[in-house]
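Protein chains get the first letters and strands the later ones, always in sequence-line order, with residue 1 at the start of each. As a basis for the values below, the full set of heavy atoms in this structure was taken, side chains included, without hydrogen atoms, waters or symmetry mates.
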Amino acid sequence: MEKVRTRFAPSPTGYMHIGNLRTALYAYLFAKKEHGDFILRIEDTDRARYVDDAVDVIKNTLRAAGITWDEGPDAGGEYGPYVQSERMAIYKEYAEKLIELGGAYRCFCDADKKTEGDFGGYDRACRDLPAEEVERRLKNGDSYVIRQKMPLTGETTYFDVLHGNITIANEELEDQILLKSDGMPTYNFANVIDDHLMKVTHIIRGEEFITSTPKHVLLYDAYGWEKPVFMHLAPVMGKAEDGTVSKLSKRHGATSFEDLVNLGYLPPAIINYVALLGWNPKTTNEEIFSLEELKKLFSAEGLSKSPAVFDYNKLGWLNGEYLKRMTDEEFAQKARPFAGELTDNLQEKWLFVAALLKTRLTNLAQVEGEIAFLKEMPPFDESLYANKRNKATIQTAKDILPQVIEVLAGVSESEWTNENLYAKISDVIEKVGVKKGAALWPVRISIAGKTVTPGGATELLYILGKDESLSRMKKSLANLP
RNA sequence: GGCGCCUUCGUCAAGCGGUUAAGACACCGCCCUCUCACGGCGGGUUCAAGGGUUCGAAUCCCUUAGGCGUCACCA
């Protein structure tokens, strides 16, 4: 069997949309599952839309995601160049050849007036221009485009792995432009020439190309080339605040790989989630997969035909799972850049703090907010002292806090550890004869100023250190009515 | 508008003529617990509608509706 070769052919528009990333991932996984080649090709034939550095964004994103290309920019390969703007001579040659084969013709119509007629589409005015006329205008230096000569009757059918046979009546197809007047090919021409020349066996791309594929098929046929296998993927959708669903775009928030990374989602988690958005392994209920595992598991059978809505909730859950599986050290290191400026104390105990944070996050961007109260005591309402379950009230706080303060004041700096603090406060609890929570609740409130914190009272005391802890407790106590 | 594609819980989804219609996220309860989280246990909610075919339909066929895509010298 011939070697499987797939390609990812983005146009450099400036950022890597999640939907594009998924297409790249699937094409990559499909090739790797079959031990084939994955090619990166840059489709930059629209010079009006060209964006500087966009190619770097694509390459960097792919690399960060772990998707490597066997051929393409930076990787070389025997079918290059892999940037379409560098292949103009090739397109020109094949376009001329197609004219000879009777599958295309030169059109001298003005760019702006050709789309007339209520039915839309080009009126084929130049389709049967006499040879002498063509000759004359060429000599005259008139600018022209090359159009595909579509069959006027009949229908074209092709097979799509996901959708089965797809048939379109030829009369629906207009004589589309293959080569623009600036000599650049259009997508519909270049992708056929390149895919054939680069020996691409499976074309995996978005569903938006489903209706233009018959035009490509006609091209393959005109040249007498073997057709690749087509797989058109359903789009990734986004849910707007008003509940409406539409193709994922900027208005749905962070939708590029880069955005998500900046929000503290880990690349392996993003890849994992994106892989599951429109694909299901079927043979297992497991949902956490590394890229390596995906390479073994991937199969076109698991691809979904219907659109999938991007769900931040589930991404967050998956990311949280990845976070939890890290060692404390690894997590501490990854979380650090998201922590903002740290106090010396926090800096010193960062590993301890990070361990507390690890199971409580769905993305790293939450780190800063989670630890803000440790940097600075937030103002709070004394009603927070009241907690039914722990039988804590403002009054019990007033009774217990002074005793805890007194005991803790006697703990030396070197004994200021989570375990010791817990033991000391337990003594007070025993002496006073209250429930643990009745004492620990007010302590935690008095030094944190909030009811929900990463870590319990003694852990927070430890992190804050003796001076800061005592100072916060005293101040909070003084604020009590 | 023409043409094309799609339609199972709120979301991701399994299912390929006979199932109590999996599982996951989210949500709700309980347990654990120095708060929350983690972990454990349990719960509710789904086959777009209408016609067929069949002993039997989420699964096959048709119609309708809705969503999406495409009709560029954009990809």
Side-chain angles (χ1 to χ4, degrees), chain A residues 9-13 43-46 48-49 107 109 111-112 114-115 118-122 143-147 160 162-163 166-169 171-174 176-182 184-188 190-191 205-214 232 234-235 237 239 243-247 273 276-282 284-288 302 304-318 320 324 356-361 387 389-390 392 421-422 425-426 429 435-441 443-445 448 450-460:
Chain A
S11 60
T13 55
E43 309 222 329
D44 59 346
T45 55
D46 183 2
R49 284 212 305 183
C107 167
C109 297
D112 44 329
K114 49 84 228 177
T115 320
D118 326 285
F119 34 43
Y122 173 62
S143 94
Y144 65 91
V145 298
I146 293 181
R147 288 181 182 277
D160 180 287
L162 292 184
H163 303 282
I166 290 177
T167 300
I168 300 235
E171 59 187 352
E172 295 291 331
L173 311 175
E174 82 165 303
Q176 64 173 346
I177 288 173
L178 267 17
L179 213 61
K180 308 180 218 175
S181 54
D182 65 359
M184 281 287 190
T186 55
Y187 168 82
N188 289 315
N191 92 84
R205 81 229 300 188
E207 198 174 70
E208 64 270 27
F209 296 111
I210 230 168
T211 45
S212 51
T213 300
H232 288 101
M237 314 293 278
K239 189 175 238 164
T244 56
V245 169
S246 57
K247 200 166 172 179
Y273 177 66
L276 259 19
L277 248 196
W279 175 78
N280 181 287
K282 288 180 189 265
T284 171
N285 271 336
E286 181 60 48
E287 297 198 273
I288 300 183
S304 172
K305 287 192 285 191
S306 43
V309 177
F310 189 93
D311 181 10
Y312 287 94
N313 253 329
K314 187 137 187 182
L315 203 218
W317 165 75
L318 241 189
K324 273 176 258 176
L356 254 24
L357 253 22
K358 201 172 74 169
T359 59
R360 283 166 245 253
L361 306 177
N387 179 270
R389 192 164 152 253
N390 287 301
L421 292 167
Y422 187 70
I425 296 179
S426 291
I429 289 166
K435 287 182 59 168
K436 268 188 293 191
L440 290 162
W441 178 276
V443 170
R444 199 169 52 83
I445 296 299
K450 48 196 282 194
T451 59
V452 175
T453 58
T458 61
E459 286 158 323
L460 297 182

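Distance, A/L162 CG to B/rG4 P: 19 Å, rounded to whole Å. A straight line from CG of A/L173 to P of B/rC71 spans 12 Å, rounded to a whole angstrom.
Contacts of A/T167 with the nucleic acid, taken as non-hydrogen atoms under 4.0 Å apart, involve only primed sugar atoms and P, OP1 or OP2. When heavy atoms are screened at a 4.0 angstrom cut-off, A/K450 is found touching no nucleic acid atom at all. When heavy atoms are screened at a 4.0 angstrom cut-off, A/F209 is found touching base atoms of the nucleic acid. Heavy atoms of A/S306 sit under 4.0 angstrom from primed sugar atoms or phosphate atoms, though from no base atom. At the heavy-atom level, A/Y422 lies under 4.0 Å from base atoms of the strands shown. Residue contacts shown for A/A457 include a base, since a base heavy atom lies under 4.0 Å away. If you check every strand for non-hydrogen atoms under 4.0 Å, A/S246 touches nothing. At a threshold of 4.0 angstrom between heavy atoms, the contacts of A/G316 with the nucleic acid are absent. When heavy atoms are screened at a 4.0 angstrom cut-off, A/V145 is found touching base atoms of the nucleic acid.
Using a 4.0 Å cut-off, some side-chain N or O of A/H163 falls inside it from OP1 or OP2 of B/rC6. Applying the 4.0 Å criterion to OP1 and OP2 of B/rC34, one finds that A/K436 has a side-chain N or O inside that range. OP1 or OP2 of B/rG15 has at least one side-chain nitrogen or oxygen of A/K282 nearer than 4.0 Å. Look at A/K180 and you'll find a side-chain N or O under 4.0 angstrom from OP1 or OP2 of B/rC74.
Base pairing analysis places B/rA24 opposite B/rU11; the two distances defining the Watson-Crick or G-U wobble pair are each below 3.5 Å.
Closest-nucleotide positions on RNA chain B for A/K239 and A/K314 were compared, and the one nearer the 5' end corresponds to A/K239. Along RNA chain B, the nucleotide closest to A/D46 and the one closest to A/R389 are compared, and the more 5′ of them pairs with A/R389.
Checked by distance alone, A/T458 brings a side-chain donor or acceptor within 3.5 Å of a matching partner on the base of B/rC34. One donor-acceptor pair, N or O on each side, does fall under 3.5 Å between the base of B/rC73 and the side chain of A/S181. For A/R444 and B/rC34, a side-chain-to-base donor-acceptor distance below 3.5 Å is absent, hydrogens and geometry of angles not being considered.
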